[in-house]
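Below: one structure, written as structure tokens.
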Amino acid sequence: MRRRLKQWMVFLPIFFFLACQPTGPKWEERHFYHWKMNWSWGEAETQGMQALGSKTIYLHLADLDWVPGQKGIFPIANLQLPKDFSPPAVWEEVRPVVFITNRSFLQQNKPGQLEVLARELANYLRAYEEKLPPRLAFKELQIDCDWSLKTKASYFMFLKLLKKELGPNLRLSVTLRLHQVKYQQKTGIPPADRAVLMFYNMGALRDWETDNSILDLELAQSYLENFSTYPLPMDLALPIFHWGACFRNGELLYLLNKKTEADFLATGLAHEKLGPRRYKVLAEGFFGGHFLYAGDQIRFEACSLDELEQSLQALRPIWPKMQDSQLLFYELQSVYLEQLSAERLRSIY
């Protein structure tokens, strides 16, 4: 009896350890989005991917929008690759991403129009693929569109037509927002192979009283429902970018992209601190490529490593049961890695 008791005592710490482990996805596979339209790549980006343990890049190719003068959906921004472009050696897979405005599908929504759009986008994709070596032939295309109830039918039809144009060997993934998961029966399930939840840009950016429009965990909590019933395999995208939101006379004027509170203070511009990460400009001057006037107000927004980890902890228990959920970070730029290193992003759990 004592011998059996001793045997069980040996295993008790192991059982206790396993019982204390959090259930849900580990998001072991982690990648970056590359979103810049003017091509640039340096050692910092390569080292970032290596530190994250990633060999796959989500590459933003184009923005599509409705162009009234041409009465159609056309690229309004393209990734500009140099003639002597050579893909970074760290890349082993490229997953192209195309953003399409929601309003595009309010205008171009007839079956014939959508067939043309799907065919032209597939040809557009193949043209980009020819600029890459055969080893980087596309295996997946991601469409980023925040569709609405008014555009759901035309957007979903477009996805079906696009999937047909792409053929059986190319996966089609789409982006999701929180409300499209919680209210999935109303917003619908897009006809795609996979989805990625964009867990950011969730607050009221244009409201000066908003604390952090990029990541608001308190607001997010009200949407964390119906995840277990979502039928598509789902990945997760978290923000690592930062900016300053500049207000004038109570209205959002523009975003000071890639600018931090420290950048502002380093300018020496006269200011009044209004609260955490909030300032009032007291004397006019230049900052972040913009001319600021006395009275302008700036709210700086960013995400800490703790907040990213809290996001994972909130989502893990409710995440759909699957083995290969990936964690993506928006977006890969050296200036963002200076604030949140890839080594630290690799370690969050």
Side-chain angles (χ1 to χ4, degrees), residues 31-41 56-88 91-147 151-176 190-196 198 232 235 328 330-331:
H31 307 300
F32 285 112
Y33 280 99
H34 181 283
W35 207 256
K36 292 185 292 185
M37 291 283 91
N38 293 320
W39 174 252
S40 65
W41 189 276
T56 297
I57 190 75
Y58 281 77
L59 189 63
H60 179 205
L61 291 190
D63 292 335
L64 274 58
D65 195 7
W66 172 260
V67 181
Q70 301 182 52
K71 294 184 179 180
I73 302 174
F74 296 95
I76 57 170
N78 298 277
L79 175 60
Q80 301 296 320
L81 296 176
K83 292 182 179 180
D84 60 348
F85 172 75
S86 178
W91 290 4
E92 289 190 3
E93 184 175 349
V94 176
R95 296 175 184 171
V97 184
V98 174
F99 170 77
I100 309 178
T101 62
N102 180 54
R103 70 175 185 175
S104 295
F105 294 102
L106 287 173
Q107 302 292 335
Q108 189 163 324
N109 49 32
K110 303 295 189 298
Q113 294 175 320
L114 296 173
E115 286 177 2
V116 171
L117 177 61
R119 183 167 58 251
E120 290 181 347
L121 181 54
N123 292 334
Y124 182 89
L125 190 69
R126 295 183 187 105
Y128 258 104
E129 190 176 38
E130 292 176 358
K131 301 177 183 179
L132 302 174
R135 69 180 180 84
L136 293 177
F138 298 149
K139 300 176 183 177
E140 177 180 325
L141 167 65
Q142 186 172 107
I143 299 296
D144 180 15
C145 179
D146 186 9
W147 81 90
T151 60
K152 178 177 71 172
S154 54
Y155 175 55
F156 285 11
M157 180 182 293
F158 161 73
L159 291 176
K160 290 179 181 178
L161 294 168
L162 178 60
K163 191 166 175 55
K164 183 178 179 181
E165 288 287 341
L166 296 176
N169 297 324
L170 198 64
R171 294 187 304 271
L172 179 62
S173 66
V174 294
T175 57
L176 295 176
D193 301 305
R194 200 173 187 91
V196 54
M198 317 305 274
L232 294 180
D235 300 316
L328 313 178
Y330 180 88
E331 60 172 309

Would you please say whether a donor-acceptor pair under 3.5 Å links the side chains of Y124 and E129? no

Tell me which one of L172, L125, V98 satisfies side chain to side chain contact (heavy atoms under 4.5 Å, CB included) with L162. L172

Trace of the side chain to side chain contact (heavy atoms under 4.5 Å, CB included) decision for S154 with L114: CA-CA 8 Å; S154 54; L114 296 173; 4.1 Å; yes

Can W91 and V94 be said to form a side chain to side chain contact (heavy atoms under 4.5 Å, CB included), step by step? CA-CA 7 Å; W91 290 4; V94 176; 3.5 Å; yes

K152 NZ: over 12 foreign heavy atoms closer than 6.0 Å: yes

Answer yes or no: is there a donor N or O on one side and an acceptor on the other, between the side chain of Q108 and the main chain of Q113, under 3.5 Å? yes

Check T101 against W66 and note the closest heavy-atom contact, atom names and distance. OG1-N, 4.2 Å

Apply the side chain to side chain contact (heavy atoms under 4.5 Å, CB included) test between S104 and each candidate in L117, N109, D65, T151; give the one that qualifies. D65

Working for side chain to side chain contact (heavy atoms under 4.5 Å, CB included), residues C145 and F99: CA-CA 6 Å; C145 179; F99 170 77; 6.0 Å; no

Ignoring hydrogens, what is the shortest heavy-atom contact between L79 and K36? Give both atom names and the distance. CD1-O, 3.3 Å

Would you verify whether the NZ or CZ of K131 falls within 45 degrees of the ring axis of Y128 while also being under 6.0 Å from that six-membered ring's centre? yes

Validation row, ring centre H34 to ring centre W39 under 6.0 Å: yes

Please tell me if the side chains of Y155 and V174 come closer than 4.5 Å, counting only heavy atoms from C-beta onward. yes

So, do F156 and W147 have ring centers that fall under 6.0 Å from each other? yes

A quick test of your reading: do over 12 heavy atoms of other residues, nucleotides or ligands sit less than 6.0 Å from NZ of K164? no

Using 30° and 60° as the class boundaries, would you call the ring planes of F158 and F105 parallel, tilted or perpendicular? tilted

Can you name the nearest heavy-atom pair linking E93 to L136, along with the distance? N-CD2, 3.8 Å

So for atom CG, which belongs to N123, do other residues, nucleotides or ligands contribute more than 12 heavy atoms lying within a distance under 6.0 Å? yes

Would you say the side-chain atoms of Y330 pair up with the backbone N or O of W35, donor to acceptor, closer than 3.5 Å? no

Under a 4.0 Å N-O cut-off, is there an ion pair linking E165 with K163? no

Minimum heavy-atom distance between T175 and M198, given as atom pair plus value: CG2-SD, 3.7 Å

Nearest heavy-atom neighbours spanning F32 and I57: O-CD1, 3.6 Å

Restricting to non-hydrogen atoms, name the atom on R194 and the atom on D235 that form the minimum distance, rounded to 0.1 Å. NE-OD2, 2.7 Å

Taking side chain as C-beta onward, heavy atoms only, is D144 less than 4.5 Å from I100? no

Counting neighbours of NZ on K139 that are heavy atoms of other residues, nucleotides or ligands and sit closer than 6.0 Å, is the number greater than 12? no

